[in-house]
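Structure first, commentary second.
Note on naming: letters A, B, ... go to the chains in the order of the sequence lines (proteins, then strands), and numbering restarts at 1 for each one. Predicted, not measured: the structure shown is a model, and the values here were computed from it.
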There are 2 protein chains.
Amino acid sequence: MAAIIVLGNSKRIRLGSPNVFIGSFVLMKALEKVLERNKVRPTAMRLLVLQYLFTKNVAVSLTDLENSFEKSDRTTLYRTLKTFVESCLVHKIDDGTGVSKYALCEENCNCEIETDLHVHFHCNLCKQTICLPKHKIPAIYLPKAFLPQEVNLVVKGTCNKCS
Amino acid sequence: MAAIIVLGNSKRIRLGSPNVFIGSFVLMKALEKVLERNKVRPTAMRLLVLQYLFTKNVAVSLTDLENSFEKSDRTTLYRTLKTFVESCLVHKIDDGTGVSKYALCEENCNCEIETDLHVHFHCNLCKQTICLPKHKIPAIYLPKAFLPQEVNLVVKGTCNKCS
DNA sequence: TCCAAAAATGCAACTCTGTTGCACGGTGTT
DNA sequence: AACACCGTGCAACAGAGTTGCATTTTTGGA
Ligand SMILES: [Mn+2]
Ligand SMILES: [Mn+2]
Ligand SMILES: [Zn+2]
Ligand SMILES: [Zn+2]
């Protein structure tokens with residue numbers, strides 16, 4: 001029932017959740033590298049959440065994660081996402097639905113640099129939110145004495161799959 | 001303690017809340033006109049909420065209203081805002097704080113027409129959100145087969161009063 | 001290898017926003 | 001005056017997000 005993945009030399013990770021797709025040893029090693037590169041300790045849950053984010057090409061909510069990892073706790077997933085955001089692995093997206101979404105950052109993303117921010121699209125039909133990393137937010141001109149720090153731009157409509 | 005405002009010929013509205021600033025007869029008549037123009041029946045609460053929105057030049061949340069009208073119920077204020085939004089008197093703003101804000105629409109606003117949408121600014125210092133009706137959202141170019149319907153653009157930073 | 005410290009996890013409880021059901025009471029219409 | 005309708009207030013609830021604390025797991029040093 002419970003799978004065991006061996007990571008590194010002496011690290012053994014027990015994955016108790018039977019409904020979780022367990023990637024290959026090679027994939028897990030790659031994900032482990034990603035975590036370590038961003039100074040995040042590669043625990044079982046973190047590897048699985050990271051794998052989940054890689055397989056999805058849409059932004060996911062905490063509840064999405066919760067429904068996909070029934071054996072894990074909402075709090076753990078919450079803190080996992082928080083850790084990922086703080087370590088610049090994923091970015092939080094406010095798509096206007098009232099529920100925060102999360103998606104992997106670009107390879108070369110410096111979450112601090114604001115000029116890199118891209119547009120997000122939310123489909124009113126399939127309710128999915130996706131990143132448009134090729135579409136940067138245009139310059140916004142503000143009245144005198146307004147100092148911009150961040151910009152959030154969300155387009156809602158019909159996505160390519162639903163149109 | 002309780003003020004009474006006479007509206008129209010036979011309409012008497014008792015205002016029980018002592019901490020509410022009660023505008024002049026002329027102002028109330030003007031507000032009444034605004035409501036009637038938008039097909040909203042001018043009740044006491046609606047007039048006071050509308051007056052409140054006029055005096056504020058920032059977007060307000062439901063909780064803001066609740067704290068300003070202690071004698072009224074959250075539900076009533078909630079439904080008042082809902083009525084105002086549906087009748088195109090105010091628009092709801094998602095400023096990324098997780099709390100919906102509301103502000104009066106422009107005089108000539110057709111809430112249906114999306115090309116009129118303006119930029120909103122949220123100050124990270126004073127935590128206030130304001131409309132920038134003169135600053136329209138620039139055209140956003142999307143990948144093929146993406147059909148835009150609405151655009152939300154929020155700039156966060158330091159406002160003119162805080163800079 | 002073993003043990004203690006540190007970190008991660010799971011459980012429970014809680015806050016806050018938004019929302020709905022329902023009963024009451026005032027309004028205006030005939 | 002009778003009646004239907006609408007607005008209001010109270011209660012209860014849902015959902016997302018968050019925190020405290022006990023338990024488990026991992027790490028790193030003896
Ligand atoms: Mn994104
Ligand atoms: Mn506005
Ligand atoms: Zn879609
Ligand atoms: Zn400010």
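Residue B/R41 is classed as a sugar-phosphate contact, given heavy-atom separations below 4.0 Å to backbone atoms only.
When the side-chain nitrogen and oxygen atoms of B/Y78 are compared with OP1 and OP2 of C/dG18, none of them lie within a distance under 4.0 Å. Look at B/T43 and you won't find any side-chain N or O under 4.0 angstrom from OP1 or OP2 of D/dG7.
Side-chain atoms of A/R79 and base atoms of D/dG17 include no donor and acceptor less than 3.5 Å apart.
Computed from coordinates, the B/D64 CG to C/dG18 P distance equals 10 Å when rounded to whole Å. We find that CG of B/D73 is positioned 16 Å from P of C/dG21, with the value rounded to whole Å. The NZ atom of B/K101 sits 15 Å away from the C1' atom of C/dG18 (whole-angstrom rounding). When rounded to the nearest whole Å, the span between NZ of B/K82 and C1' of D/dG7 equals 14 Å. For B/E36 and C/dG28, the CD to C1' distance is 14 Å, given to the nearest whole Å. Distance CG (B/L77) to C1' (C/dC16): 16 Å, rounded to an integer number of Å. The CG-P distance, from A/L47 to D/dT26, rounds to 11 Å in whole Å. B/M45 places its CE atom 15 Å from the P atom of C/dT27, with the value rounded to the nearest Å.
A centroid separation of less than 6.0 Å is found between the aromatic rings of B/H118 and B/H91.
Side-chain atoms of B/S61 and B/D64 form a donor-acceptor pair, as typed in the model, at a separation below 3.5 Å.
A salt bridge does not link A/E66 with A/K71: every distance from a Lys NZ or Arg NE/NH1/NH2 to an Asp or Glu carboxylate oxygen is 4.0 Å or more.
In this structure the side chain of A/F84 reaches within 4.5 angstrom of the side chain of A/L53, judged on heavy atoms.
No path of Ile, Leu, Val, Met, Phe, Trp and Tyr side chains, each step under 4.5 Å between heavy atoms, connects B/Y141 with B/V151, placing them in separate hydrophobic clusters.
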*Start with the C-alpha distance between B/T158 and B/F121, add both sets of side-chain angles, then the distance that settles side chain to side chain contact (heavy atoms under 4.5 Å, CB included), and finish with yes or no.*
CA-CA 9 Å; B/T158 306; B/F121 189 92; 5.6 Å; no
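The minimum heavy-atom distance linking B/Y52 with B/S68 is given by the pair OH-OG, 3.0 Å.
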Check: protein-nucleotides 12-16 of chain D nitrogen or oxygen pairs below 3.5 Å:
from, atom 1, to, atom 2, distance (Å)
D/dA16, OP2, A/T63, OG1, 3.4

